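Written below as structure tokens is the structure these notes are about.
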Amino acid sequence: MGRRGWVVNGLTFGAVLPGLFLLWMGFVAFRGVSAVPERSEMAVIFGTAVTAKGQPRPALRERLEEGLRLWLWRGGLVRTVMVSGAIESGNRRDEARIMADWLMVRGVPEAAIIVDSHGNNTWLTALHVARLHPQGAVVVTQWFHVLRAEWALERAGVSLVSGEAPSRFRLAELWYLFRDSVALPVYVLTKAPPG
């Protein structure tokens with residue numbers, strides 16, 4: 001193959017690869033916005049940043065509202081709610097504890113809430129859920145994160161995993177869609193099922 005052939009092949013590859021990645025991003029987005037929760041033992045609400053005063057930021061509040069709706073809806077689509085988050089490094093706020101308090105103020109009994117204060121990332125949360133052996137789990141997170149969260153729980157050994165996401169869209173979430181579209185293949189290549 002001559003130099004011209006290498007150039008043509010390089011340009012073709014350079015045009016095809018971004019197109020394939022855009023299709024992949026579209027699939028990740030579609031799976032998130034079209035997620036339908038199934039009746040399950042547990043809802044798993046993934047944590048995200050809280051304010052310095054210990055209040056859920058808008059994205060987290062939306063997740064909590066979805067989790068509350070699942071618990072209340074039709075006599076309860078789920079029986080328990082796991083709130084999973086990190087202890088933030090800057091303000092030392094416990095995301096999971098704040099989430100649990102938010103739910104309890106709105107009528108979810110403490111006995112129905114499982115607090116995971118060491119869910120520092122999606123994979124750790126999935127491992128913590130798997131140790132509880134729930135009969136089904138609904139991941140509750142933003143739309144761009146649903147597919148990776150579902151995959152992580154299934155990979156960790158949880159059966160009957162479905163998803164739920166708030167319907168609100170923010171332009172800034174396109175960056176998170178890009179990030180999750182990269183992160184999921186990395187998870188597939190690096191996360192081994194628990195032994």
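Quick caveat, the model's predicted, so the values are computed rather than measured.
- Note on L184: it clusters hydrophobically with M25, by side-chain heavy-atom contacts below 4.5 Å among ILVMFWY residues.
- Heavy atoms only, all atoms of each residue included: V140 and G67 are closest at CG1-N, 4.0 Å.
- I114 and V158 fall within a single hydrophobic cluster, where Ile, Leu, Val, Met, Phe, Trp and Tyr side chains are chained together by heavy-atom contacts under 4.5 Å.
- Counting only N and O atoms by type, the side chains of Q55 and W102 include no donor and acceptor under 3.5 Å apart.
- Using a 4.0 Å cut-off between charged side-chain N and carboxylate O, R63 and E66 make no salt bridge.
- Note: F46 and H145 meet the aromatic proximity criterion, with ring centroids under 6.0 Å apart.
- Not one N or O on the side chain of T125 forms a donor-acceptor pair closer than 3.5 Å with the backbone of W123.
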Next item on the list: Test V161 against V139 for side chain to side chain contact (heavy atoms under 4.5 Å, CB included), laying out the working first.
Entry: CA-CA 7 Å; V161 178; V139 300; 4.2 Å; yes
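- Separating the CD atom in Q135 from the OG atom in S159 is a distance of 6.0 Å, to the nearest 0.5 Å.
- Inter-residue side-chain proximity for I113 and M104 is flagged as met; some heavy-atom pair is nearer than 4.5 Å.
- For F21 and F178, the ring centers are positioned less than 6.0 Å apart.
- For A172 against Y176, the heavy-atom pair with the smallest separation is O-CD1, 3.6 Å.
- The shortest non-hydrogen separation linking A156 to A130 is O-CB, 3.4 Å.
- A donor-acceptor pair is defined here as one N or O able to donate and one able to accept, closer than 3.5 Å; no such pair exists between the side chain of R79 and the backbone of M42.
- Counting heavy atoms from C-beta on, the side chains of S117 and V115 come closer than 4.5 Å.
- Atom OH of Y187 is surrounded by more than 12 heavy atoms from other residues, nucleotides or ligands within 6.0 Å.
- Between E95 and I87, the closest side-chain pair of non-hydrogen atoms is not below 4.5 Å.
- Counting heavy atoms from C-beta on, the side chains of S167 and W143 never come closer than 4.5 Å.
- Between E150 atom CD and T141 atom OG1 the span is 10.5 Å, to the nearest 0.5 Å.
- Using a 4.5 Å cut-off between side-chain heavy atoms of Ile, Leu, Val, Met, Phe, Trp and Tyr, with links allowed through other members, F144 and V36 fall into different hydrophobic clusters.
- In the hydrophobic clustering of ILVMFWY residues, with side-chain heavy atoms under 4.5 Å counting as a link, V44 and L70 come out apart.
- Here the CD1-CG distance, from I45 to L103, works out to 5.0 Å after rounding to the nearest 0.5 Å.
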Next item on the list: Could you go through the side chain to side chain contact (heavy atoms under 4.5 Å, CB included) check for W151 and V188 one step at a time?
Entry: CA-CA 9 Å; W151 183 90; V188 170; 3.8 Å; yes
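- Closest heavy-atom contact between V78 and V81: CG2-CG2, 4.5 Å.
- To the nearest 0.5 Å, the span separating CD on E65 from CZ on R168 amounts to 10.5 Å.
- V50 and M82 fall into different hydrophobic clusters, defined by Ile, Leu, Val, Met, Phe, Trp and Tyr side-chain heavy atoms under 4.5 Å apart, directly or through other members.
- Counting only heavy atoms from C-beta outward, the side chains of L64 and P56 approach each other to under 4.5 Å.
- Between L22 atom CG and S181 atom OG the span is 9.5 Å, to the nearest 0.5 Å.
- When all heavy atoms of S40 and S162 are compared, the pair lying nearest together is OG-OG, 4.4 Å.
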Next item on the list: Would you check, one step at a time, whether the test salt bridge (charged side-chain N to carboxylate O under 4.0 Å, His left out) holds for E62 with R57?
Entry: CA-CA 9 Å; E62 289 165 10; R57 293 186 186 273; over 6 Å; no
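- The local environment of NE2 in H118 is sparse, with at most 12 non-hydrogen atoms from other residues, nucleotides or ligands closer than 6.0 Å.
- To the nearest 0.5 Å, atom CG of residue L127 and atom CZ of residue R155 are 11.5 Å apart.
- The main-chain N or O of A183 is never found under 3.5 Å from a side-chain atom of D180 such that the two would form a donor-acceptor pair.
- Atom CZ of F169 has more than 12 neighbouring heavy atoms from other residues, nucleotides or ligands inside a 6.0 Å radius.
- Taking all atoms of both residues into account, the shortest heavy-atom contact from G163 to V146 is CA-CG1, 4.3 Å.
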